[in-house]
Novice: 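Quick one: the structure is below, and I'll ask about it shortly.
Side-chain atoms are counted along with the backbone in the values below, which use heavy atoms only and exclude waters and symmetry mates.
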Amino acid sequence: MEFNIALVDDKKNDADKLSTVIRKFFAKQHITAKNITHYTNGSDFLRVFEPEKFQIIFMDILMNELNGIETAGQIRLNDSKVLIIFITSSKDFALDSFFSASVPVRPFDYILKPYDSERLCRTLTEAVKILESPDPALSVRVSRSTYNIPYRKISAVLSNNHAVEIIMSDSNCLICSMKFNEVENILMTDRRFLLCNRGIIINMDCVRSLSSDKELFIMKDGGRYPLKVRGRAKIIDDFTQYQISRIRGSAGI
């Protein structure tokens, strides 16, 4: 697999140092880094950005014009798969920025300045492991045919009488003859899926936001799914914990 990497940072010296560490890491691992391209601000990057064009984006949080959180939010509206790694000089600011984001950006990790080469290489190792792992797929029966749907392409699953309606991230819909609890037992082993109401499973990677009254999940494809009343606090907590899970771990944040 070839990796296309973007460095979005308005400080050229910092970007050059980061690029050097990344290139050394890929050379040592005998991995092909197709491109490592530096962009000086979020606006310039968004002009060239296309879904699935980049595998990893290093994004400085503090930048002139469009900041890193705002830029990442625009990216997430169109690409749920790319790994976004925030660059910051403060752990506290990283957390504050996460909670102030209008769109869940789901960062893969945070890297503190000045760069710790060992810490950065651990993050790159985990990123490569994830990117090179095949995305699991849901095998569903439609009439006499079987379809394998990658998890990342599933936005929501709805109970529809005695059938199951699978809403794709591209807004297409597939109705299969499986039972809802059968699909539930499969998908709920993957932490990105959340049972938000009776007969409704959502992919948290496909959520745009919670409604202001916290009664609905608003999806990127425009879907709106209600949270059940009983247990709503836990559902919101599970969703929040999923969003911040990348902050935890080796970063110590």
Novice: Salt bridge check: are D190 and R192 linked by an N-O gap of less than 4.0 Å?
Specialist: yes
Novice: Would you give me the side-chain donor-acceptor pairs under 3.5 Å for residues 176-188, sequence neighbours excluded?
Specialist:
| unit_1 | atom_1 | unit_2 | atom_2 | d |
| --- | --- | --- | --- | --- |
| N185 | ND2 | N181 | O | 3.1 |

Novice: Residues in side chain to side chain contact (heavy atoms under 4.5 Å, CB included) with L216, at least two apart?
Specialist: S211, R224, P226
Novice: Pairing donors with acceptors under 3.5 angstrom, does anything connect the side chains of N13 and D16?
Specialist: no
Novice: When you look at D237 and K234, which way does the salt bridge (Lys or Arg N to Asp or Glu O under 4.0 Å) test go after all the steps?
Specialist: CA-CA 5 Å; D237 183 62; K234 184 179 186 307; over 6 Å; no
Novice: So, using side chain to side chain contact (heavy atoms under 4.5 Å, CB included) as the criterion, who are the partners of D10 when residues are at least two apart?
Specialist: D60, M63, N64
Novice: Hey, is E126 close enough to R119 for a salt bridge, meaning N to O under 4.0 Å?
Specialist: no
Novice: Test of understanding: with salt bridge (charged side-chain N to carboxylate O under 4.0 Å, His left out), list the residues that count as partners of R23, not counting sequence neighbours.
Specialist: none
Novice: Using ring pair (Phe, Tyr, Trp, His ring centres under 6.0 Å) as the criterion, list what pairs up with F58, not counting sequence neighbours.
Specialist: none
Novice: How are the rings of F45 and Y39 set relative to one another: parallel (under 30°), tilted (30 to 60°) or perpendicular (over 60°)?
Specialist: perpendicular
Novice: Partners of Y151 by ring pair (Phe, Tyr, Trp, His ring centres under 6.0 Å), sequence neighbours excluded?
Specialist: F193
Novice: Looking at K12, I want to see if its NZ is surrounded by more than 12 non-hydrogen atoms of other residues, nucleotides or ligands under 6.0 Å.
Specialist: no
Novice: Do the charged groups of K113 and D14 touch, with an N to O distance under 4.0 Å?
Specialist: yes
